[in-house]
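A short write-up of the structure that comes next.
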Amino acid sequence: MIWKYIFGRPIETGAVVMGVPEGPQDLPDIPGLKIQEQQEGVKLSCRMESSDVVYGLGEQMRGIDKRGFTYISDALDDAVHTEDRHSLYGGHNFLILGRREQPSFGIFVDDPGRVVFDVGETEMDQMVITAGSDCVVYLVGGESLKDIAKQFRRLIGRSYIPPKWAFGYQQSRWGYLNEEDVREVVQKHHAQGIPLDAVYLDIDYMEDYKDFTVDKERFPDLPGLVKEMKGRGVHLVPIIDAGVKIEEGYPVYEEGVAEGYFCKDEDGKDFVGAVWPGKVHFPDVLNTKAREWFGGKYRGLMEQGIDGFWNDMNEPAIFYSEKNMEKVMDEILSMRGKNLDLHAFFHMKDLLLGLSNNPEDHKSFYHDMDGVRVRHDRVHNIYGYHMTRAAAEAFEKIAPDKRTLLFSRSSYIGMHRYGGIWTGDNKSWWSHLLLSIQQMPALNMCGILYTGCDVGGFGGDTSEDLLLRWLGAALFTPLMRNHAALGTRRQEVYQFGHVDLFRAFIRIRYGLLPYIYSEYMKAVFQDEMYFRPLAFDYPEDVHAPRVEDQVLVGESVMMAPVYTQNATGRYVYLPEGMMLVRMRALGDRVCEVLEKGHHYVDMALDEVVFFVRKGHALPLAVLDDDIRSTADMRDLSYEWIRFGDGPVEYVFYDDDGISREYVPQDRWEHVVI
Ligand code: MIG
């Protein structure tokens with residue numbers, strides 16, 4: 001059951017696809033729930049019992065249970081994800097209040113501007129959500145947590161499906177400068193017998209950071225390189241940034257100006273911000289024509305054989321705006337030679353730091369939403385979504401028969417139909433390993449299924465043990481990409497002493513791919529969550545809602561990875577009897593049945609451990625020693641890992657991984673093992 005309430009004159013965000021009539025006028029029978037229209041906007045408040053758990057909000061900081069903090073949907077480019085951060089890169093305004101005594105329900109606030117979720121920070125038993133005056137609020141009922149999540153997913157439409165190769169192991173780094181660097185990465189993985197499906201091209205491949213250009217000196221023959229790499233089973237995935245460099249003679253800039261496709265300032269001139277290329281204009285992707293135009297630009301790279309992209313800096317990130325820079329410069333220059341006291345000195349520092357991602361800048365430019373002029377801050381959170389939509393809609397025309405890999409940094413609910421996300425600039429910290437696990441179910445709730453973090457950590461130097469544990473924790477994550485920032489320690493697995501361990505882990509990943517793919521596709525077609533908190537499947541269990549460091553993956557598996565340095569094991573809670581699977585290599589598997597309850601489980605650095613649920617099974621591909629990528633995984637045979645007294649049934653989805661002819665549900669294979 002879905003209740004829909006319209007306030008003011010909301011902007012169409014593209015989040016919802018299902019038509020829902022407004023009403024009913026009476027709020028559902030939820031004790032303590034209030035919705036009020038106030039001066040500062042629409043305010044939703046609800047009392048929380050001590051046993052209530054709040055799930056959701058997608059890409060955010062902190063735990064699976066969101067209680068005790070304030071989260072703000074206000075897409076931000078901030079590479080320091082510490083506990084005190086209220087916003088990351090997206091706006092995922094859906095949560096479920098999970099209740100023990102009364103029915104649980106979901107709340108979705110469809111507002112593309114800033115929305116504040118005070119989930120018991122100010123008062124620990126009060127949830128207060130504050131949105132703008134123009135928004136749509138949906139309340140979502142259902143029989144269970146799982147059912148509520150499913151009802152919501154029906155509302156927002158089917159999730160994006162990437163090509164199958166996008167589930168393979170992927171390597172990225174900011175700083176692969178030229179063809180030789182790319183070749184070396186591929187060659188070194190293969191020389192060590194490590195499978196690899198993609199290498200990423202970060203901003204270094206472009207000419208002066210200009211979108212849709214390729215630096216001719218460093219990449220003299222991109223089509224040739226793409227072909228050569230594909231011959232080795234490796235796809236090249238270039239980055240596209242939101243800002244378009246201002247430069248005479250650069251066609252994207254000139255066309256955009258001539259056609260009026262860029263965002264405008266108050267005076268109707270093209271708004272000027274600065275990012276990597278220096279001064280840029282931002283394509284007005286909220287305008288249908290501009291969106292079509294910008295999407296069409298991906299064609300050039302696709303004609304060179306590219307079949308995957310990542311969209312970056314699309315909050316949009318603004319290092320500084322031309323106008324604000326002038327103001328700040330004037331003020332700082334006026335301080336020159338003066339005896340600055342404490343306040344004046346810190347004010348000067350703040351002026352400089354405040355140049356980037358300044359909320360005032362968001363109020364100084366405008367979109368032309370097909371005839372309606374809208375100030376950016378009102379629609380800030382859907383910019384990245386529509387940049388990604390631009391690309392996806394173009395792919396429908398450019399490559400209609402096959403799937404193209406696409407994911408974005410900024411997103412809003414609705415974008416999950418067009419692409420995935422990665423979780424941005426994390427660090428090589430153990431706390432971020434844990435965070436990456438906690439974010440997954442919350443993202444899945446919001447429809448974002450193709451997702452993962454920068455494995456090993458983006459900022460800071462990783463360590464060998466951290467990378468190993470992180471690969472173990474990312475074993476089932478759809479996007480498994482090792483990515484690191486310029487200037488950090490090299491992080492490709494062959495850079496470390498124990499390459500044999502990395503090889504074993506990554507080969508285990510490839511062995512698990514049939515399960516990962518099957519479960520991903522089932523989650524897509526059945527509007528289900530691929531990653532789930534334990535309480536979603538064990539609603540009666542009193543401990544399950546408190547478990548913050550274990551998640552269910554697909555129908556058969558529970559993960560409980562190690563996320564503390566130097567640990568040789570960890571406590572695991574089993575909500576029912578499960579079978580522990582301990583693997584040191586694809587062919588080296590030890591299983592043990594454990595009873596319901598708390599256990600201390602040894603997990604040495606050289607092994608991965610996961611759990612199989614009772615009455616369930618999973619396929620494990622039998623792989624040759626020399627497979628180099630998913631392209632070498634044809635006509636597979638399987639071993640089955642199963643746990644049950646009698647025969648166990650597994651619903652197995654598979655297809656060619658590239659076409660868009662999906663196998664209908666009534667023809668899915670039911671395997672009895
Ligand atoms: O300001 O393109 O999150 O993955 O390597 C940094 C360089 C811009 C941020 C992305 C990161 C990428 C980096 N980008």
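Everything numeric in this text was worked out from a predicted model, so none of it was measured. Start at 1 and go down the list; that is how both ligands and their atoms are numbered.
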Over 12 foreign heavy atoms within 6.0 Å of NZ, Lys327: no
Heavy-atom count around Lys349 NZ within 6.0 Å, excluding the residue itself: above 12? no
Any side-chain donor-acceptor pair under 3.5 Å between Tyr176 and Asp204? no
With a 3.5 Å distance limit and no angle check, can you tell me whether Asp461 reaches the backbone of Arg489 through a side-chain donor-acceptor pair? yes
Between the side chains of Tyr89 and His81, does any donor sit under 3.5 Å from an acceptor? yes
Quick check for students: name every N or O atom pair between ligand 1 and the protein closer than 3.5 Å, with distances.
| from | atom 1 | to | atom 2 | distance (Å) |
| --- | --- | --- | --- | --- |
| ligand 1 | 1 (O) | Trp276 | NE1 | 3.2 |
| ligand 1 | 2 (O) | Asp202 | OD1 | 2.5 |
| ligand 1 | 3 (O) | Arg409 | NH1 | 3.0 |
| ligand 1 | 3 (O) | Asp425 | OD1 | 2.5 |
| ligand 1 | 4 (O) | His483 | NE2 | 2.9 |
| ligand 1 | 5 (O) | Asp202 | OD2 | 2.5 |
| ligand 1 | 5 (O) | His483 | NE2 | 3.0 |
| ligand 1 | 14 (N) | Asp312 | OD2 | 2.8 |

Please name all residues satisfying side-chain hydrogen bond (donor to acceptor under 3.5 Å, both in side chains) with Asn444, sequence neighbours left out, ordered by chain then number. none
